[in-house]
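Here the structure comes first, spelled out in structure tokens, and everything after it is commentary.
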Amino acid sequence: MWITLKSIYALRRCSTRAYTCFGVRSNSLVCGKTHPKWHSAVSAPAGFHSNSAQCVSRKLVRNGEERPTVICIEGNIASGKTTCLEYFSKTNNIEVLTEPVAKWRNVRGHNPLGLMYQDPTRWGITLQTYVQLTMLDRHLSQICGPVRMMERSIFSAKYIFVENLYKSGKMPEVDFAVLSEWFEWITQNIALPVDLIVYLQTKPETCYERLRERCREEEKVIPMEYLESIHQLYEDWLIKQTSFKVPAPVLVISADDDLEKMLHQYEENKERILSAQRT
Ligand SMILES: Nc1ncnc2c1ncn2[C@@H]1O[C@H](COP(=O)(O)OP(=O)(O)O)[C@@H](O)[C@H]1O
Ligand SMILES: Nc1ccn([C@H]2C[C@H](O)[C@@H](COP(=O)(O)O)O2)c(=O)n1
């Protein structure tokens with residue numbers, strides 16, 4: 001099975017078992033340099049699903065590059081994540097990666113985000129499959145500085161949005177099963193390090209107001225209950241820490257305040273955020 005990834009990887013082998021063919025390809029242009037096309041042609045153990053315990057760690061990792069500190073900004077829809085990233089983008093040596101919403105609104109002329117809001121049962125799987133792919137691409141994209149700040153993560157895509165669709169009865173079980181299989185394969189086989197999660201904690205009411213103000217066409221149908229469900233899932237994941245594994249320490253920033261106060265809070269927390277320790 002050949003897999004094409006955008007970044008460079010080497011397969012860290014930790015077992016002396018015989019391997020069959022498993023390749024990783026890179027075709028990306030990085031800071032002006034083109035990387036060799038093919039990297040690492042090693043293989044997965046036969047039947048790796050059933051005997052994966054024999055291979056303690058065989059994740060795909062970057063090839064000799066020093067990795068940056070990775071900080072993910074998490075929060076409800078319209079909680080202020082992009083605005084927060086805009087603030088940090090003015091700081092030297094921080095690479096800011098916003099969510100690829102433009103792609104979710106236009107993939108080869110189709111709008112899976114809009115379709116999902118119109119008919120979540122039919123199109124939830126379509127949007128979330130694409131979100132998973134594009135978020136993976138974000139996590140794996142080439143390093144351009146010592147600190148990377150990302151809007152959300154592949155983890156919240158699954159633990160919050162896919163979970164919400166499924167739990168609310170809007171995603172068929174088979175769609176959820178397929179997405180879960182993909183997610184588990186990805187996270188078990190590819191190293192996706194996160195060093196700090198900054199959770200912008202808001203009341204759902206605040207998000208509702210900001211959503212109305214932002215007025216994104218596809219989101220006009222979002223009711224308050226949707227924001228409440230997303231809020232609850234975030235709280236269970238990052239505050240109570242009772243639902244899913246939290247991949248990094250969490251810094252909670254209360255984000256209901258007006259813009260001026262928020263910018264002040266970001267300034268105050270800047271050192272703490274940027275000095276996140278690599279795990
Ligand atoms: N602290 C704030 N007070 C009032 N409005 C805000 C604040 N932060 C962001 N906004 C506005 O709310 C909307 C959503 O913010 P945005 O940063 O796009 O949220 P997200 O990226 O989390 O969806 C935008 O119109 C933005 O200008
Ligand atoms: N996995 C995801 C991630 C995001 N969305 C939706 C929610 C919003 O309508 C839009 C962008 O989110 P924002 O950055 O504004 O919080 O994408 C989703 O449905 N599934």
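Hydrogens, waters and symmetry mates are skipped; everything else that's a heavy atom, side chains included, is used. Remember, it's 1-based here, ligands and their atoms both numbered in the order they're listed. Note that the structure is predicted; figures quoted are calculated from it, not measured.
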Inset, instruction - Please tell me if the side chains of Leu179 and Met171 come closer than 4.5 Å, counting only heavy atoms from C-beta onward. - result: yes
Inset, instruction - Return a yes/no value for Trp104: is any of its N or O atoms, backbone included, closer than 3.5 angstrom to an N or O of ligand 2? - result: no
Inset, instruction - Consider only side-chain N and O atoms of Thr98 and Lys81, and report whether a donor and an acceptor are under 3.5 Å apart. - result: no
Inset, instruction - Assess Met135 for proximity to ligand 2: is some non-hydrogen atom of it under 4.0 Å away? - result: no
Inset, instruction - Please confirm whether Arg152 comes under 4.0 Å of ligand 2, counting heavy atoms of the residue only. - result: yes
Inset, instruction - Using a 4.5 Å cut-off on heavy atoms from C-beta on, say whether the side chain of Ser79 contacts that of Thr206. - result: no
Inset, instruction - Using heavy-atom distances, let me know which of Glu99, Arg105, Lys81 sits nearest atom 14 (O) of ligand 2. - result: Glu99
Legend entry - Atom pair OG (Ser153) and CG (Leu192), whose distance is rounded to the nearest 0.5 Å: 9.5 Å
Inset, instruction - Measure the distances from the heavy atoms of Gln132 to every atom of ligand 2 and state whether one is below 4.0 angstrom. - result: no
Inset, instruction - Working to the nearest 0.5 Å, report the span between OG of Ser243 and CG of Leu238. - result: 8.0 Å
Inset, instruction - Indicate yes or no: does an N/O atom of Thr82 lie under 3.5 Å from an N/O atom of ligand 2? - result: no
Legend entry - Atoms of ligand 2 close to Arg216 [distance to a heavy atom under 4.0 angstrom, numbered from 1]: 10 (C), 11 (C), 15 (O)
Legend entry - Euclidean distance, Lys220 NZ relative to Leu211 CG, rounded to 0.5 Å: 11.0 Å
Inset, instruction - Just let me know how Leu113 lines up against ligand 2, side chain, backbone, both or neither, with a heavy-atom cut-off below 4.0 Å. - result: side chain
Legend entry - Sub-4.0 Å heavy-atom approach of Met116 to ligand 2: yes
Legend entry - Part of Val131 with heavy atoms under 4.0 Å of ligand 2, whether side chain, backbone, both or neither: side chain
Legend entry - Sub-4.0 Å heavy-atom environment of ligand 1, residues by chain: Asn76, Ala78, Ser79, Gly80, Lys81, Thr82, Thr83, Glu151, Arg210, Glu213, Arg214, Asp257, Asp258, Leu259, Met262
Legend entry - Sub-6.0 Å ring centroid separation between Phe161 and Tyr166: no
Legend entry - Arg67 with Asp195: basic N within carboxylate O range, under 4.0 Å: yes
Legend entry - Residue, atom name and distance, where the atom is the protein heavy atom closest to atom 7 (C) of ligand 2: Tyr117 OH, 3.4 Å
Legend entry - For Glu151, atoms of ligand 2 separated by under 4.0 Å from a heavy atom: 14 (O)
Inset, instruction - Count the heavy atoms of every other residue, nucleotide or ligand shown that sit under 6.0 Å from NZ of Lys167, and state whether that count exceeds 12. - result: no
Inset, instruction - Could you label the plane-to-plane angle of the Tyr199 and Tyr234 rings as parallel, tilted or perpendicular, counting under 30° as parallel and over 60° as perpendicular? - result: parallel
Legend entry - Near-ring test Phe244/Trp237, centroid separation under 6.0 angstrom: no
Inset, instruction - Find the distance between CD1 (Ile160) and CD1 (Ile77) and round it off to the nearest 0.5 Å. - result: 11.0 Å
Inset, instruction - Could you tell me which atoms of ligand 2, counted from 1 in the order shown, lie closer than 4.0 angstrom to a heavy atom of Gln128? - result: 1 (N), 2 (C), 18 (C), 19 (O), 20 (N)
Inset, instruction - To the nearest 0.5 Å, tell me how far Met135 CE sits from Lys103 NZ. - result: 11.0 Å
Legend entry - Proximal atoms of ligand 2 relative to Ala78 (non-hydrogen, under 4.0 Å): 16 (O)
Legend entry - Taking atom 18 (C) of ligand 2 as the reference point, the nearest protein heavy atom with its distance: Phe161 CD2, 3.5 Å
Legend entry - Distance filter under 4.0 Å to Glu219 heavy atoms, resulting ligand 2 atoms: 8 (C), 9 (O), 10 (C)
Inset, instruction - Please could you name the atoms of ligand 2 that Ala157 approaches to less than 4.0 Å, counting only its heavy atoms? - result: 1 (N)
Inset, instruction - May I ask you to list the atoms of ligand 2 that are less than 4.0 angstrom from any heavy atom of Arg214? - result: 15 (O)
Inset, instruction - Heavy-atom contacts with Leu127 under 4.0 Å: which atoms of ligand 2 show up? List them by number with element. - result: 19 (O)
Inset, instruction - Considering only NZ, NE, NH1 and NH2 on the basic side and carboxylate oxygens on the acidic side, decide whether Glu218 and Arg105 come within less than 4.0 Å. - result: yes
Legend entry - Euclidean distance, Ile230 CD1 relative to Ser168 OG, rounded to 0.5 Å: 8.5 Å
